[in-house]
Amino acid sequence: MSCYPNIYQVVKQIPYGKVATYGQVADLAGLMGKPRVVGYALYQVTADSDIPWHRVINAKGEVSRSSLRDGTDDLQQLLLEAEGIAFKKGKVDLKQYRWQPDFAQIDQLIEGHVTKSAQN
DNA sequence: CAGATGACAAGAT
DNA sequence: AATCTTGCCATCT
C-alpha cells in the first residue's frame with residue numbers, strides 16, 4: 001500500500017504561503033536522494049487529505065505539469081497563488097518562498113532515527 | 001521475473 | 001537559458 005508516513009509528516013509541516021521541493025521533502029523524510037518516491041507518495045493523496053500537497057514543487061520552482069493528474073496541476077498553482085505565492089513566468093521564486101524548517105521541526109520529523117552526524 | 005514508467009534532481013551540452 | 005542524459009527507486013505492465 002505504499003504508505004510513506006514520513007513524507008506526509010514533512011509535507012504537513014510546510015507552513016502557509018511557503019513551498020518545498022521534492023528533494024527537500026525527500027531529504028527531511030529520510031529518503032535522501034530519492035525525490036521520485038515523494039512524487040509517488042503525493043500521487044496517492046491528491047485530495048480529501050490534510051496534506052498540503054500543493055506546497056510541494058520541483059527544484060525548478062515550477063509545478064510539474066503532467067497529463068496524468070486530471071488537471072490538479074492547474075489547481076495546485078491556483079492554491080499557491082491563493083496563498084500569496086507569486087508565479088513569475090510560471091515559476092516560483094524559491095529564494096523567497098522556499099520553506100526553511102527550523103531545527104526543532106527537523107528534530108520532530110526524524111524523532112531520533114537519523115544518523116545525526118551534525119557536521120555543522 | 002524483466003522491462004518500462006514517472007508529481008524529480010543534478011550535471012553536461 | 002533551454003534541452004538532453006544519467007542516476008534513483010517504488011510501482012506498473
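Below, read A as the first sequence line, B as the second, and so on, with proteins coming before strands; counting in each chain starts at 1.
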Is A:Leu31 touching bases, backbone alone, or none of the nucleic acid, heavy atoms closer than 4.0 Å?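 If one applies the 4.0 Å heavy-atom cut-off, A:Leu31 turns out to touch nothing in the nucleic acid.
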How would you label the contact of A:Thr72 with the nucleic acid (heavy atoms, under 4.0 Å): base, sugar-phosphate, or nothing?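 Since no nucleic acid heavy atom lies under 4.0 Å of A:Thr72, the category is nothing.
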Should we say atom NZ of A:Lys60 is surrounded by more than 12 heavy atoms from elsewhere, each under 6.0 Å from it?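 No, because the 6.0 Å sphere around NZ of A:Lys60 holds 12 heavy atoms or fewer from other groups.
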Rounded to the Å, how far apart are [X] [atom1] and [N] [atom2]?
X	N	atom1	atom2	result
A:Ile57	B:dA7	CD1	P	16 Å
A:Leu68	C:dT13	CG	P	11 Å
A:Met32	C:dA10	CE	P	16 Å
A:Asn6	C:dA10	CG	P	14 Å
A:Asn58	C:dT3	CG	P	14 Å
A:Asp70	B:dA7	CG	P	13 Å
A:Leu94	B:dA10	CG	P	11 Å
A:Glu62	C:dA2	CD	P	12 Å

Closest to the [X] side chain: [options]?
X	options	value
A:Lys34	B:dG6, C:dC9, B:dA9	C:dC9
A:Thr21	C:dA10, B:dA7, B:dA9	B:dA9
A:Tyr40	B:dA7, B:dA10, B:dT5	B:dT5
A:Trp53	B:dC8, B:dA7, C:dA2	B:dA7

Record whether the side chain of A:Arg36 comes under 3.5 Å of the base of C:dA10 through a donor-acceptor pair of N or O atoms.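 Answer is no: no donor-acceptor pair is held.
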Side-chain donor/acceptor contact of A:Tyr43 with base of B:dA7 under 3.5 Å: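 No, the side chain and the base share no sub-3.5 Å donor-acceptor pair.
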To the nearest 0.5 Å, what is the distance between CD on A:Gln76 and CD on A:Glu62?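 These two atoms lie 9.0 Å from each other.
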Side-chain (A:Lys34) to main-chain (A:Met32) donor-acceptor, under 3.5 angstrom: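 Indeed, once roles are kept as given, a pair shorter than 3.5 Å links the two residues.
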Distance test, side-chain N/O of A:Ser64 to OP1/OP2 of B:dC8, below 4.0 Å: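 Checking A:Ser64 against B:dC8: at least one side-chain N or O falls below 4.0 Å of OP1 or OP2.
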Any side-chain heavy atom of A:Val19 sitting closer than 4.5 Å to one from A:Trp99?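 No - every pair of side-chain heavy atoms lies 4.5 Å or more apart.
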Does any part of the side chain of A:Arg55, heavy atoms only, come nearer than 4.5 Å to the side chain of A:Tyr16, both counted from C-beta?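 Side-chain contact under 4.5 Å: yes.
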